**Q** 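Can you keep this structure in mind? I'll have questions shortly.
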There are 2 protein chains.
Amino acid sequence: MKPTLQAVADAVGVSRSTVSNAYSRPDQLSATLRERILEAARQLGYPGPNPTARSLRRGFVGSIGVLFTSQLSYAFTDPFAVRFLAGVGGAAERHGTSMLLVPLPPAVTDARRAVENAAVDGFCVYCVADEEWALDVIRQRGLPFVSTAPRDNASADERFVGIDERAAAHSAAAHVAGLGHRRVALLADSVLPDAPAGPLTLAAVDQVPHPTTRGRLTGFADAFAEVGVGWAELTLVNVPGNSRPAAAAAIAGLFDQPAPPTAVLAGSDVLALGVLDALAARPAHDRPTVSVTGFDDVPEAAAAGLTTVRQPAEEKGRIAAELLLDPPADAAAGHVLLPTALVVRASTGPVPRS
Amino acid sequence: MKPTLQAVADAVGVSRSTVSNAYSRPDQLSATLRERILEAARQLGYPGPNPTARSLRRGFVGSIGVLFTSQLSYAFTDPFAVRFLAGVGGAAERHGTSMLLVPLPPAVTDARRAVENAAVDGFCVYCVADEEWALDVIRQRGLPFVSTAPRDNASADERFVGIDERAAAHSAAAHVAGLGHRRVALLADSVLPDAPAGPLTLAAVDQVPHPTTRGRLTGFADAFAEVGVGWAELTLVNVPGNSRPAAAAAIAGLFDQPAPPTAVLAGSDVLALGVLDALAARPAHDRPTVSVTGFDDVPEAAAAGLTTVRQPAEEKGRIAAELLLDPPADAAAGHVLLPTALVVRASTGPVPRS
DNA sequence: GCTAGTCTCTGTATCGATACAGACTGGATC
DNA sequence: GATCCAGTCTGTATCGATACAGAGACTAGC
């Protein structure tokens, strides 16, 4: 059907190797012969070496995988994820490498298979949930990877780019505590798997399984412990899924309770924006003054006047891809902590006198 | 190094074929033998069939390519492109297919090579510039593709999903014309390749090379022709690149001219938002009242109160992927025109009395 | 004139799997 | 007891290229 490299070789009367060299190693043959070969290829409609066959023989593919442990369409909805992807894309582009986005089916068995079958040279693991099984598969395949979230049993030689979640969260909470807030709600995505939306009682913050969420909640708790507010006095609110409507729904009832929180610390900007939505949805005469903080500093946060913790999203993606594409010789350099900064905007203020 | 399928076969004492069947065709062997094989594979650390070798033999890859004729990092900056990608991603996910984002180097020779080398089963071509060369390569490779923008020499059997650019643009312009505007600027990205930012004189709209841009500009011109304003009376403004700052820079000087436009029709929301930025940047006492329209209805448009033409971005991506992944038997069904709608918001109003 | 060295090009082995035809069992059918 | 058949498994050919060692031809140097 489609001509192969052999067909071109036969047409020109040279060996297959020579045709291959005409494409991949121009210095291995004379310019005139090379031109003759390419011309013959053009005549025959030969589209160049088959990428799959070439990858098999060469032992690498020329593309890196990005793994989201969530719906692929969700990834494009999350502004932080999009900035991250932009960073990965930029680095990949500079490196002449493609990006493979691998959707993971809900069932773990199928998802494992998807990771096993991805034709890539390595993975950037952007996790929104527990992804240990995925790393197992990647290790088994012998592929390099970079993870972007802290993990409980990460080994020292694993490449990583991320932030100090706990310290970053602390900065936001300390700001809110400094404004005098003592009745505070902490809002986070999937605090416990399958927990319902709304307030959730948890004996200790250590029980939160997902390391990122645990890190942020711990940072929040740290800051309030410093002003004498213990974990048990904080209201923990679970949101199943990182979306504005979900956050709005989870928080809505809270403001109608006897002693409602005067501040809400959210584990992401998306959640925080959902809290602002919930407040905005109330009639003006029944709208409590609540301080709200987010996390990430996505583009929408600035427009909404949201106080938040900035982390460099695009940078994170860029560095993740670079750590993968040209690994530093020094193992320590493979562990990158990015700076974060508290960005104070209009969404936080002193406790209103009631 | 890493065990191959052969190694597993040897360990269990069966043929390579049988091990292959254990993975890919479980009905071809007894359940007990299959279990023995998978167990041995686990023992040996065999990560499952090599994706590349499998693809070579089977003749397909299990992933589709998305081609942007622009920087990959740019694609994630453009809100419309992001929604499009979300649509493609959702469809790919449902189909169990991966998405390969292929960055194209600036030089055409290199870019051709990139398209030749992409290991995919087909392409969604999201073009922001002339992409005929890319389609040539894809056709030569014998791969299916779906394009999402009108093309001048598209053949009837090519799959396509898009909108009636001209009619959609007409609806926006007719709205503005109906408000009484007669001094109007048309703003578009890359009207002519390499043209400088700012006003551009063009004898006729047919001279615009890019079909999408030409379609929209023609629609704008149509509506004004109907109220007696000819092409020559419209101010055409070129923006090199679809970004807010570029649009702001290109339009800025226009409002200081003798008879400034009372309305600006932009070829995309991003450009329109740039116009609003340019206006907002002026001191309040020197800020002309200008009606502005966009195109696409990206999420930011609603927040900015921008009058625009809505086209279903995510739907476009979804349908593009579906046309690629399960092609309709009927060729006519492979050509999908999506509906558009004029969304009137605060950014357009009657001509101010001066 | 002979050895070296450089340029080109060829031939064979190999990358790691899947497809497909066929061989072998053991029981059901008549 | 011969025939058929379904259920399992094997063996060989093949997918389309690249790597690498080596063969010829040709120039240079002494």
Side-chain angles (χ1 to χ4, degrees), chain A residues 1-38 40-41 44-62 113 116-121 140-143, chain B residues 1-38 40-41 44-62 113 116-121 140-143:
Chain A
M1 189 60 208
K2 257 173 301 158
T4 67
L5 195 140
Q6 176 75 69
V8 178
D10 293 347
V12 183
V14 295
S15 77
R16 213 162 53 238
S17 306
T18 301
V19 179
S20 173
N21 285 336
Y23 282 92
S24 307
R25 303 166 64 174
D27 58 315
Q28 293 297 302
L29 72 176
S30 66
T32 63
L33 177 58
R34 178 172 135 93
E35 208 26 76
R36 260 177 61 213
I37 290 174
L38 295 183
L44 292 170
Y46 175 66
N50 178 308
T52 307
R54 163 192 289 238
S55 298
L56 175 60
R57 186 64 246 246
R58 305 226 281 199
F60 67 88
V61 180
R113 196 52 68 88
E116 284 167 3
N117 287 341
V120 296
D121 299 321
Q140 179 134 324
R141 285 186 58 181
L143 292 179
Chain B
M1 188 62 208
K2 259 173 303 159
T4 67
L5 194 140
Q6 177 75 68
V8 179
D10 292 347
V12 183
V14 295
S15 76
R16 213 162 55 236
S17 305
T18 301
V19 179
S20 173
N21 284 335
Y23 282 91
S24 306
R25 301 164 65 174
D27 56 316
Q28 294 296 302
L29 73 175
S30 66
T32 62
L33 177 58
R34 179 173 135 92
E35 208 27 77
R36 261 178 59 214
I37 291 174
L38 295 183
L44 292 171
Y46 175 66
N50 177 308
T52 306
R54 167 192 286 241
S55 297
L56 174 59
R57 186 62 248 241
R58 305 226 282 198
F60 67 89
V61 179
R113 197 51 67 90
E116 284 167 3
N117 287 343
V120 296
D121 299 321
Q140 181 136 322
R141 286 186 58 182
L143 293 178

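Below, chains carry the letters A, B, ... as their sequence lines are ordered, and counting in each starts from 1. These numbers were taken from a predicted model, which means no experiment stands behind them.
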**Q** Does the protein touch nucleotides 4-16 of chain C at the base, only the backbone, or not at all? Give it as B, S and - per nucleotide, heavy atoms under 4.0 Å.
**A** ----SBBBBBBBB
**Q** With rounding to the nearest 0.5 Å, note down the distance linking CG in A:L38 to OH in A:Y23.
**A**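 A:L38 CG to A:Y23 OH: 5.5 Å, rounded to 0.5 Å.
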**Q** Between A:S55 and A:T52, do the side chains contain a donor N or O and an acceptor N or O under 3.5 Å apart?
**A**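 No, because no side-chain N or O of A:T52 sits under 3.5 Å from a partner of the opposite role on A:S55.
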**Q** Pairing donors with acceptors under 3.5 angstrom, does anything connect the side chains of A:S20 and A:S17?
**A** no
**Q** Return the NZ to CD distance between A:K2 and B:Q140, rounded to the nearest 0.5 Å.
**A** 10.5 Å
**Q** Is there a side-chain contact between A:S24 and the phosphate of D:dT18, meaning an N or O under 4.0 Å from OP1 or OP2?
**A**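 Yes, A:S24 has a side-chain N/O under 4.0 Å of OP1/OP2 on D:dT18.
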**Q** Describe, as an angle rounded to 10 degrees, how the axis at the first end of the helix from C:dG1-D:dC30 to C:dC30-D:dG1 is tilted relative to the axis at the last end, five pairs per end.
**A** 40°
**Q** Does B:A118 offer a backbone N or O that forms a donor-acceptor pair with the side chain of B:R141 under 3.5 Å?
**A**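 Yes, B:R141 side chain to B:A118 backbone: donor-acceptor pair under 3.5 Å.
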**Q** To the nearest 0.5 angstrom, please state how far the CD atom of B:E116 sits from the CG atom of A:N50.
**A**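 Reported to 0.5 Å precision, the distance equals 11.5 Å.
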**Q** Say you draw a straight line from CG of B:N21 to CG of B:D27; how long is it, rounded to the nearest 0.5 Å?
**A** 8.0 Å
**Q** Distance from B:T32 atom OG1 to B:R34 atom CZ, nearest 0.5 Å?
**A** 11.5 Å
